[in-house]
Structure formats: C-alpha cells, structure tokens
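Note: hydrogens, waters and symmetry copies are ignored here, and every other heavy atom, side chains too, is used. A note on names: the letters A, B, ... follow the listed sequences, proteins ahead of strands, and every chain is numbered from 1. The shown structure was predicted, so the numbers you read here are calculated from the model rather than taken from an experiment.
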Amino acid sequence: MNKRARKLPRSFYDRPTGLVARDLLGKYIVYNSPKGRLTGRIVEVEAYIGHDDPACHAARGETERNRVMFGLPGFSYIYFIYGMYFCLNFVTEKKGFGAAVLLRAAEPCEGLEIMYENSPGIKKDGQLLNGPGKFCRAFGLTRQHNGLDLTGSVLYLENRFEKTPRIGRSRRIGIRVGQDKLWRYFDVDSKVITKR
DNA sequence: GTAGTGATTTTCT
DNA sequence: GAAAATCACTACA
C-alpha cells in the first residue's frame, strides 16, 4: 500500500457539503469486502444539501430511510432506488443537518476481478464504475452497508496526495426538481464520467 | 450516433 | 397508488 496514503478524518466531512464534494475528486475509496480489497479513484460526485434542495431526500424532514443523513458526518448513506439499484453517499455536516455527497463515478484501481464478478455483462474497465448504480453493484454494496462509519476499517476514503484534478461542474443528473443548482462536480480529464 | 421505454420494489402521500 | 439521486435495451437516423 502507498505509504503516503492517509484515511480522511471525520473533520473532512464536517464542512459545507459543496466543499466536501469538490475535494472528494481525485481521492480514493477503499472497501475491504468479504471477497477482497476494492479501490477506486473518485471522478464524479453530486452534492445534496438538506432544506435548500428539493431534490435531497432530507428536504422534507427526517424519515426512517434518510435518518443517517441527519446523523454525524463521515458515515455512509446507501439507499435503494428504481427497484433494482443502490446509491452510495457520504454524509456531511453536523449532526441534525441533513446533507450528503452522492458518489456517481470512479476509476477502478484494485480488485478488478471481483468487480467484474459482481457486474455481469460488463466488458471494459471504464464501464465498471461509471454510474452510481453500477458502482454499488461492482463493489457489492447493499442496504447492509448503510450507516457505516467511514473512519472505520471496512469502508473509507483515502487521500493519496495526488495533484488536484481539473474540476468541472454542471447541473445534476437524473432528478426532476432542483435542477437549477450546479452541484455536480467531476474530473474534466477522466474518461469514465456519466454520459450526458 | 441519439431518443424512447421497460424493469422492479421501496418509500412516502 | 405514484414516484423515484438508474441502467440497458430497442428502434431509428
């Protein structure tokens, strides 16, 4: 493992959600799955910010499903969508404030064999993690992984101190409300960004 | 190459 | 009962 790699501390997540989203680009997600170690370089995220954001699950108050978004920052929020897919988020900001960053795409780094095994039909590396639903499928993440502590040893993010990528921003994808916000951030030079 | 639509189930109204 | 932070497949240009 890279000696310079450092796990992101809870203070990283305990900041304004837009800043956290932008800073996540170029960082690495690490998941020590039952089958082996999986890692990917984050290249696309979206911010979902509580009461200001009609597209955010937390906008209409706390419910059973979005409970962890209102908890401490630095936890995982995984929800089930469209009857077949899961999406992974990182909870941000203080306890009581419902906000999170959705992980949309990453470049696969370690554990490629496991990702292919989890993703029937995928043939190219660039197609493994280029979408929130596909990312969770390749990593084998399900509702069981909702509410994990990202400062623990199972699922966490790493800073490998690479050069900050060129960052682009746009409207968010796949939502029907709140489209006026430019809260999607991505690495302009990456080839695995969600298609428009 | 783009556009349209079906799959499938949880969650909230 | 309708909508949902998606994806893959089909049709057509």
Side-chain angles (χ1 to χ4, degrees), chain A residues 13 16-25 29 40 42-71 73 75-93 97-108 115-148 150 155 157 167-187 190-196:
Chain A
Y13 307 95
T17 307
L19 280 182
V20 176
R22 204 186 56 198
D23 286 349
L24 279 171
L25 298 175
I29 179 162
I42 298 172
V43 296
E44 182 181 358
V45 297
E46 288 178 0
Y48 287 86
I49 308 175
H51 45 70
D52 283 337
D53 181 7
C56 181
H57 290 169
R60 299 197 173 206
E62 186 172 347
T63 66
E64 177 69 25
R65 175 219 220 177
N66 64 28
R67 179 170 43 80
V68 305
M69 263 206 284
F70 288 88
F75 280 78
S76 64
Y77 169 49
I78 295 182
Y79 63 88
F80 190 67
I81 192 69
Y82 295 126
M84 22 174 83
Y85 298 107
F86 294 98
C87 292
L88 171 63
N89 299 249
F90 309 118
V91 176
T92 60
E93 312 214 26
F97 191 100
V101 175
L102 167 69
L103 173 60
R104 288 197 60 87
E107 297 170 353
M115 293 186 204
Y116 276 113
E117 186 182 324
N118 289 339
S119 307
I122 301 296
K123 294 168 186 166
K124 297 179 183 175
D125 294 0
Q127 296 174 182
L128 283 167
L129 308 178
N130 63 334
K134 297 169 78 177
F135 177 88
C136 287
R137 187 173 60 154
F139 266 49
L141 295 171
T142 71
R143 200 167 8 217
Q144 295 178 357
H145 305 88
N146 188 39
L148 285 181
L150 300 177
L155 181 67
L157 299 182
I167 295 171
R169 61 188 300 190
S170 74
R171 291 140 78 103
R172 290 171 295 178
I173 293 177
I175 55 176
R176 298 183 190 182
V177 292
Q179 294 191 351
D180 53 316
K181 320 269 194 209
L182 294 177
W183 286 347
R184 171 173 174 255
Y185 300 86
F186 55 94
D187 177 347
S190 177
K191 294 172 183 171
V192 301
I193 301 300
T194 310
K195 62 180 178 179
R196 285 238 63 185

Novice: Compile the donor-acceptor pairs under 3.5 Å between side chains in residues 126-141 of chain A and protein atoms, sequence neighbours left out, one pair per line.
Specialist:
{"from": "A/Asn130", "atom 1": "OD1", "to": "A/Lys134", "atom 2": "NZ", "distance (Å)": "2.7"}
{"from": "A/Lys134", "atom 1": "NZ", "to": "A/Gln127", "atom 2": "O", "distance (Å)": "3.1"}

Novice: Looking only at side-chain N and O atoms, does A/Lys134 come under 4.0 Å of OP1 or OP2 in C/dA8?
Specialist: yes

Novice: What is the distance, rounded to the nearest whole Å, between atom CE of A/Met69 and atom P of C/dA5?
Specialist: 10 Å

Novice: So what does A/Ile175 hit on the nucleic acid, given a heavy-atom distance under 4.0 Å: a base, only sugar-phosphate, or nothing?
Specialist: sugar-phosphate

Novice: May I ask you to check if A/Arg143 and A/Phe80 form a cation-pi contact, with NZ or CZ under 6.0 angstrom from the six-membered ring centre and within 45° of the axis?
Specialist: yes

Novice: Among C/dA5, B/dC12, B/dT8, find the nucleotide with the atom closest to the side chain of A/Thr63.
Specialist: B/dC12

Novice: Just N and O in the side chain of A/Arg143: are any of them under 4.0 Å from OP1 or OP2 of B/dT9?
Specialist: no

Novice: With sugar-phosphate meaning primed atoms plus P, OP1 and OP2, does A/Gly133 contact a base, only sugar-phosphate, or nothing at under 4.0 Å between heavy atoms?
Specialist: sugar-phosphate

Novice: For A/Arg65 and B/dC12, what is the distance between atoms CZ and C1' respectively, to the nearest whole Å?
Specialist: 9 Å

Novice: Can you tell me how far C1' of B/dT13 sits from NE2 of A/His57, to the nearest Å?
Specialist: 15 Å

Novice: Starting at atom CZ of A/Phe186, determine the distance to atom P of C/dA5, rounded to an integer number of angstrom.
Specialist: 21 Å

Novice: Kindly assign one of parallel, tilted or perpendicular to the pair A/Tyr13 and A/Phe90, based on the angle between their ring planes and the thresholds 30° and 60°.
Specialist: tilted

Novice: Quick one: do the A/Ser190 and A/Glu44 side chains pair a donor with an acceptor below 3.5 Å?
Specialist: no

Novice: Figure out the CZ/P separation between A/Phe86 and B/dT10, and round it to whole Å.
Specialist: 9 Å

Novice: Any donor-acceptor pair under 3.5 Å joining the side chain of A/Tyr82 to the base of B/dA7?
Specialist: no

Novice: Quick check on salt bridge (Lys or Arg N to Asp or Glu O under 4.0 Å): which of A/Arg169, A/Lys181, A/Arg104 does A/Glu46 satisfy it with?
Specialist: A/Arg104

Novice: Just how far, in rounded Å, is C1' of C/dA5 from CD of A/Glu46?
Specialist: 7 Å

Novice: Tell me the interatomic distance from A/Arg60, atom CZ, to C/dA3, atom P, rounded to whole angstroms.
Specialist: 12 Å

Novice: Taking the same atom, P, in C/dA5 and in B/dA3, what whole-Å distance lies between them?
Specialist: 22 Å

Novice: Roughly how many Å is it from CZ in A/Phe80 to C1' in C/dT6, rounded to a whole number?
Specialist: 11 Å

Novice: For B/dG6, which nucleotide is its Watson-Crick or G-U wobble mate, given both distances must be under 3.5 Å?
Specialist: C/dC7

Novice: Look at the side-chain N and O atoms of A/Arg176 and state whether any lies under 4.0 Å from the OP1 or OP2 oxygen of C/dA4.
Specialist: yes

